[in-house]
Amino acid sequence: MNSFWLIFWSVSYLLVLFFVANWAEQRSAKGRSLVSNSYVYALSLAVYCTAWTFYGSVGRAAESGVDFIAVFIGPTITMPLWWVIFRKIIRICQVQRITNIADFVSARYGKSQALGVIATILCVVGTIPYISIQLKAISSGFSILTTANDAGNSLWLDKAFYISIVLTIFTILFGARKLDANERHEGMVAAIAFESLFKLFAFLAVGVFVTFIVFDGFDDIFQQASKVIDLHQIFTIKEQKTSDWFWYCFLASLAIMFLPRQFQVTVVENVNENHLRKALWIFPLYLLVINIFVVPIALGGKILLGTAVKADQFVLSIPLHFNEKALAFVAYLGGFAASTSMIIVECTALTVMLTNNLVMPWLVSRTDFQRRFGGDMGQVVITLRRLFIVLLMAGSYLYYKNVSDKYSLVSVGMVSFAAVAQFAPVVLGGIFWKRGSLVGAVGGLLVGGGVWFYTLIIPSMVSAGYMSPDMLSKGPWGMDLLRPESLLGVTGLDNISHGTFWSLLLNLLFYVGGSLLSQPTALEHNQAVLFVDVFKYSKTYESAVAWKGKALVTDIKSLLTIFFGKSHTEETLQLYAKQNKLDLNTRYADSQVVNYAEKMLGGAIGAASARILVSSVAKEEQISVEEVIDILKTSQELKTLNEELTRKSEELEQLTQQLKQANELLQIADIQKDDFLSTVTHEIRTPLTSIRALSEIVHDNPDMEEDQRSHFVNTITKESERLTRLINQVLALERFETGKQELDIDEFLMEDIIEESLEALDQLAKEKNIKIEVTYEGIYGPIRADRDRLIQVIINLVSNAIKFCPADTGKIQINTLQTEASLSFSISDNGQGIDNKYQELIFEKFYQTRDQSVRKPKGSGLGLAICKKIIELHQGTIQVESELGKGSVFTCEIPLDKN
Amino acid sequence: MYLRAKSHWIKTKNKMTGMKILIVDDEPNILMSLEFLMKKEGHKVFIARDGAEAFDIIEANIPDIVLLDIMMPKVDGYQVCEFIKKHDSYKHAKVVFMSAKSKEADMAKGLELGASLYVPKPFSTRDLMAKVNGLIRDISGAAA
């Protein structure tokens, strides 16, 4: 066939595909979505069957028999698990607006940017080989049909190069036209479903042709084949290959979940969870049907073409052999369809990962990003995506040219399977094990990815000539145990199984170990709960929000507008508000709205970037803030309580101290009171004793001598007076003490009261023949004071002086000094004086201590105590200067200006 | 026999007076009243105004009865009592405490020290005389 025509038809096919997609999208816009069909969904899953299925299975079957089927058995066996696993993943992704597998792991493990990057790189590196083999398949198919050789390696003559360009354009058309918050590409899904049908049809056509037209049915083929080759060999699995078979099945079951394109069609493009139910049996059925004729075609090819043609190409070669150009062309288109569907979906998925996890987080964290890119961020994202598609295709082309050309389709495909299998621990752990932490995830992916690269990619680089063969035969730096194809001496597994075994083992080890040994952050924990318990929370998800922050509605709106445009933003927000009965006209956005905005953005640019952007407009409050605040509150309350308690106990101590002091004082006062009372009692009883005794004697002895009798009677009188005096003094003292005593202020001259006092004492002085002298100094004038009380003082002091003065030689000097400010007077005597130790005591009531040796000199009684009280009431002072044997001077001073 | 009994009776009767009585008190008026009372009964009265004086008189005269005030300066009544009861020569003397301190504890202390009686002040002269006579009878009885 003319290559021009081939190209023409290839492109036409793509255009048809494009129209199908468009039509589907238009229908969906009108509300009659094609994609809401469970059959369409199930068929879209068949993107799993790529050129590998179309060409590779036959090739494998021809070479090593039935083991090609492992890739299909695996998914079929694990199908029952799908309901559990996929349903959960689908729910999580819907609720969290996750649009790719890298975002999934990133979101699960604390919205970690780093993890998103690792996952993205792993996917890209793992998938590029796979894309490259599609290119290879298309190119070799093209070559076969045009029966032209790949003319040289010059870029411009290489058909694969042009094919890559065409595919790039169409991939962009399908996958990177607009920014959708859901990353749903309804058109693409419809196109893929169409392609699945087409490739199935094409393959069946060839199969039917070979089996029933070239041969006479299955028996005929087998019969004929048994003559040429050992059928027994074909249909049994060799001993040593049992474990390989196991690993192949295992890998395939993981790949069906984690290949980026599978994740895209199964999870992201899912519109209804119940579609999954249908897919559970439709898809295995599809696999079965498409594989029915693999062995016949392989056998037929072996019979007809022997080893002249590569088994991979039997599907094309057999029709050509019979000159069935039309069939060959259909077969070619079938293969083309298989390859292009893979490329389109894979590249779309990968480019979303790349933009969301690699570029956007960096871009939005730059403070000037909004300024630089102006209002239409959406356009920037789309452009980035297109750029990445170009880069991916370029990378795949280069890999094809340099590496995969030398390998079979199947083996390269398996290497990709092994790459995405690394997601198994992280994702499955993520949805079932809350303890899985970021540290574990990063560890698992890095180690798993590293081992995968080491055991599976490096050998291919060696064979491609980029590395020394010694690497394989002797190990790095000559370390035999680290040989990439037999780590730690494990042999007996083929390359793929060996690589898978080691990478998954170490991955799991590091994942589990890392998770157990590390402490998840609050955010990680929160996400873990939301993921693992998604069915519990998805209904109440809107209220179990991560944001409790405050953001202005206008800010939120402008943020969304940047990416989705004004009208789309308005529409979506209004719809959401209506559904949840929220008001958008408030100043501050309800936290539910903020959350929804974050989800919308997350769908478009990835969870990590969305978080960064939203947190720039909302004041974030941390997630388990409720718990944290509760704890803080409690600890704050406890602290306050503690402080209060400490304070109270201090107060209590103080109080106790005060009480102790007061008690001591009271005890002293009590003792003092006791003392006072007992002394007063004694002082009262003493004169009473005399009075009674003398009275009785006088009464009982009427004929006693007259002078003796009058003496006795006199004494009785005196003692009575003494008693009265005492009682009066005690009472007066009591009044002074309790403050009831008031001064009776009068105006008088000092002269007058001194003369009065001396008159009263005249008798006493004369009896002892004591001389009394008075001097007046200072100003002359009346003073204001309590007249009688001052007289009392003067009399008391002078009578004391008289008592202590010796008879005859006794001299008493009274001096007064009067100024404007004060009056002072002193009474001096030349009596016996007062011992130092008594000088303070004499002004006290009786005696101070219980110690009788310190007893006041007898006779002073309460007099001086009262004098002191009187003087003090006048705001004045009274003191004594004395020396034993040399007399005493009593001085009183009272201020006058107050009065 | 009758003559000897009669002279004995006279002797005894005479012994109701003529006792040597020491009065110790720092209140002169009380001394005065007590002195009068004792002298009227025909006893030989010694007075002391404080404990120190009392010691000297006791030593010199060895009284039969001591009327003792307690609250006195320098040496109080308890000390005088102790002094008396310590010495063989005078411990036979009957001590009568007289004090305004009338708490049970004070009275008990006095009696413990060896006093025969404790009379609270103010006292009744008649009561006091009766008590003193009782003491004299004890002394006479003992002597006989």
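Throughout, protein chains are lettered first and strands after them, A, B, ... in sequence-line order, and every chain is numbered starting at 1.
Separation of atoms OG1 (A/T689) and CD1 (B/I30) is listed at 4.5 Å; rounding is to 0.5 Å. Rounding to the nearest 0.5 angstrom, the gap separating the CE atom in B/M71 from the CZ atom in A/R685 is 11.0 Å. Separation of atoms CD (A/E696) and CG (B/L37) is listed at 8.5 Å; rounding is to 0.5 Å. Here the straight-line distance linking atom CZ of B/F36 with atom CZ of A/R709 works out to 11.0 Å at 0.5 Å rounding.
When the shell of 6.0 Å around NZ of B/K20 is examined, it contains more than 12 heavy atoms from other residues, nucleotides or ligands. Counted within 6.0 Å of NZ on A/K768, heavy atoms from surrounding residues, nucleotides or ligands total more than 12; the atom is thus considered enclosed. Within 6.0 Å of CD on A/E705 lie no more than 12 heavy atoms contributed by other residues, nucleotides or ligands. In the displayed structure, A/K811 atom NZ is contacted under 6.0 Å by at most 12 heavy atoms of other residues, nucleotides or ligands.
Neither the backbone nor the side chain of B/M98 has a heavy atom closer than 4.5 Å to any heavy atom of chain A. Contact annotation for B/K74: neither backbone nor side-chain heavy atoms come within less than 4.5 Å of a heavy atom of chain A.
Contact tally against chain B (heavy-atom pairs below 4.5 Å) for A/N701, A/T681, A/T715: the top residue is A/N701. When each of A/D700, A/L694, A/I684 is checked for heavy-atom pairs under 4.5 Å with chain B, A/D700 comes out on top.
In this structure, B/S33 and A/I697 approach most closely via the heavy-atom pair O-CD1, 3.3 Å.
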Residue pair B/M32, A/Q708: steps toward the side-chain contact (heavy atoms from CB on, under 4.5 Å) verdict: CA-CA 10 Å; B/M32 189 169 72; A/Q708 197 171 38; over 6 Å; no
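A search for side-chain hydrogen bond (donor to acceptor under 3.5 Å, both in side chains) contacts involving A/Q813 returns A/N815, not counting sequence neighbours.
Within residues 115-129 of chain B, the residues having any heavy atom less than 4.5 Å from a heavy atom of chain A are, in residue-number order, B/K121, B/P122, B/F123, B/S124, B/T125, B/R126.
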